[in-house]
Amino acid sequence: MFRDLFSLFDRLDFDDLGWASSAKRLVHGRGRQFPGFENVTIEWFPPYLIIFLHRPLAPEITASIKEYFAQLDRPQIHGIFMQTRDLGKAFWEILKGPMPDKPVVVREGPFQFLIKLGRDQNIGLFLDMAPLRLWLLLNSSGKTVLNLFSYTCALSVAAAKGQARQVHNVDMRKNFLTWGRENHTLNQCQGSFFYHPLDILKSFGRLTRLGPFDLIIIDPPSHQESFSLERNYARILKRVPEWLSPGGTLVLVANDPVLARDNFRSMAEQALGPLFQFLCWGDGPTIPLGTDANFPVKVAFYKMN
Ligand SMILES: C[S@@+](CC[C@H](N)C(=O)[O-])C[C@H]1O[C@@H](n2cnc3c(N)ncnc32)[C@H](O)[C@@H]1O
């Protein structure tokens, strides 16, 4: 069971700077890439390797993972940490130390982001969104962008580096927007960027007044007290025609691992109605898809006619 996963790390060339100096997801267990490891994600935030267990595994499996990674010895890896999620809480363990106690700057391609390790469940950067950041870099020039559920504004940084004319970031947590502002400064972004600390579900009128936008990104959490995919996604989608310019692009993201692509698409299209044309899926080749292509992170592109 462990052979394929561990041999991946035996093979990886951490000496190759072109490859190894950039943050990336290495194992996307939820994409059903390695049988038995559906709840394991492993990410490289140089110089740190982080193993996320989305739920606790059997003790003997956890022990084997710990034993393997504790002996993985490469000069480029300064720390290996494991985060276990259980009942809404995140527990961090050091497999190889030390754990940095200050924010760390990591590079992802042309971008830099601040991450914070050892405390919260989310560390500031979702690496499965790397293909979307690349798309934004290449396709945002001159556009006005609305980034809903912006978190630390990593998607906004990508649009800004792609010379978006304006980006409006909306998240209900002010501290994430402050972090987002720091990410923009770190990347020396030029342009007009706005940070709105709002509950999106209570701010539809405000969003109409800020628009219309050429490009809208909607990347909500799967389930939080403040948002439920089943209850709230369709409600937001029904309002998009008020916020988007005719001919504008809508990017929808859903991360729930048990939601199949087909179901996500039918929910979205039922709410959006005939004005919208599905263009393509955008999860990109950098996410290892594994054996079941119906369950990657879902990124859907639409055009409004
Ligand atoms: C999955 S994260 C977004 C990730 C982000 N798009 C990125 O690529 O880094 C979800 C975010 O939604 C925010 N959020 C949850 N419910 C919200 C609501 N009702 N209104 C505004 N923001 C909300 C959370 O604070 C969190 O930052």
Side-chain angles (χ1 to χ4, degrees), residues 23-25 30 41 43 45 52 54 85 88 90 106 108-109 111-116 120-137 140 145-162 164 167-184 186-187 193-207 210 215-237 239 243 250-257 259 264 282-284 286-287 296-300:
K24 49 182 63 68
R25 178 167 290 190
R30 285 169 156 191
T41 300
E43 301 191 315
F45 291 93
F52 295 95
H54 296 276
R85 298 176 183 180
V106 291
E108 180 201 66
F111 315 117
Q112 296 188 84
F113 298 106
L114 281 170
I115 59 165
K116 298 177 188 172
D120 297 329
Q121 173 168 313
N122 295 323
I123 64 171
L125 184 62
F126 291 107
L127 289 182
D128 49 0
M129 288 293 104
L132 181 54
R133 282 189 282 276
L134 182 58
W135 184 87
L136 287 166
L137 177 76
S140 299
V145 181
L146 176 63
N147 183 23
L148 293 180
F149 304 94
S150 63
Y151 187 45
T152 55
C153 306
L155 298 174
S156 172
V157 165
K161 294 296 272 183
V167 187
H168 288 260
N169 293 291
V170 188
D171 200 286
M172 66 193 301
R173 297 272 303 273
K174 221 176 186 163
N175 56 327
F176 291 156
L177 293 170
T178 305
W179 192 340
R181 206 185 277 271
E182 287 164 5
N183 276 332
H184 279 80
L186 185 65
N187 286 276
F193 313 114
F194 302 91
Y195 307 90
H196 306 281
L198 297 171
D199 181 338
I200 291 162
L201 298 172
K202 296 180 183 156
S203 310
F204 292 165
R206 177 81 178 269
L207 297 178
L210 288 173
L215 169 61
I216 299 181
I217 308 156
I218 308 183
D219 178 14
S222 305
H223 304 280
Q224 274 181 3
E225 246 169 67
S226 53
F227 182 89
S228 139
L229 214 139
E230 296 81 24
R231 260 198 340 267
N232 305 127
Y233 214 139
R235 236 185 95 204
I236 296 181
L237 295 185
R239 303 301 290 262
W243 309 330
L250 174 66
V251 184
L252 301 183
V253 183
N255 205 347
D256 186 339
L259 176 66
F264 176 57
D283 19 74
T286 64
I287 297 175
V297 174
K298 289 147 283 285
V299 181

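Read the numbers this way: they start at 1 and go in the same order the structure lists the ligands and their atoms. One-based numbering along the sequence shown.
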Exam field: side chain [X] to backbone [Y], donor-acceptor pair closer than 3.5 Å:
X      : Y      : answer
Ser222 : Asp256 : yes
Ser203 : Arg206 : no
Asn187 : Gln112 : yes
Asn122 : Gly124 : no

Below 3.5 Å only, please: the N or O atoms of ligand 1 paired with protein N or O atoms, distance on each line.
{"unit_1": "ligand 1", "atom_1": "6 (N)", "unit_2": "Phe149", "atom_2": "O", "d": "3.1"}
{"unit_1": "ligand 1", "atom_1": "6 (N)", "unit_2": "Asp219", "atom_2": "OD2", "d": "2.8"}
{"unit_1": "ligand 1", "atom_1": "8 (O)", "unit_2": "Asp219", "atom_2": "OD2", "d": "3.4"}
{"unit_1": "ligand 1", "atom_1": "16 (N)", "unit_2": "Ser226", "atom_2": "OG", "d": "2.8"}
{"unit_1": "ligand 1", "atom_1": "19 (N)", "unit_2": "Asp199", "atom_2": "OD1", "d": "2.9"}
{"unit_1": "ligand 1", "atom_1": "19 (N)", "unit_2": "Ser226", "atom_2": "O", "d": "3.2"}
{"unit_1": "ligand 1", "atom_1": "20 (N)", "unit_2": "Ile200", "atom_2": "N", "d": "2.9"}
{"unit_1": "ligand 1", "atom_1": "22 (N)", "unit_2": "Met172", "atom_2": "N", "d": "3.1"}
{"unit_1": "ligand 1", "atom_1": "25 (O)", "unit_2": "Asp171", "atom_2": "OD1", "d": "2.7"}
{"unit_1": "ligand 1", "atom_1": "27 (O)", "unit_2": "Asp171", "atom_2": "OD1", "d": "3.4"}
{"unit_1": "ligand 1", "atom_1": "27 (O)", "unit_2": "Asp171", "atom_2": "OD2", "d": "2.6"}

Is NZ or CZ of Lys116 both nearer than 6.0 Å to the six-membered ring centre of Trp179 and within 45° of the ring axis?
yes
Between Arg133 and Glu108, is there a side-chain N and carboxylate O pair less than 4.0 Å apart?
yes
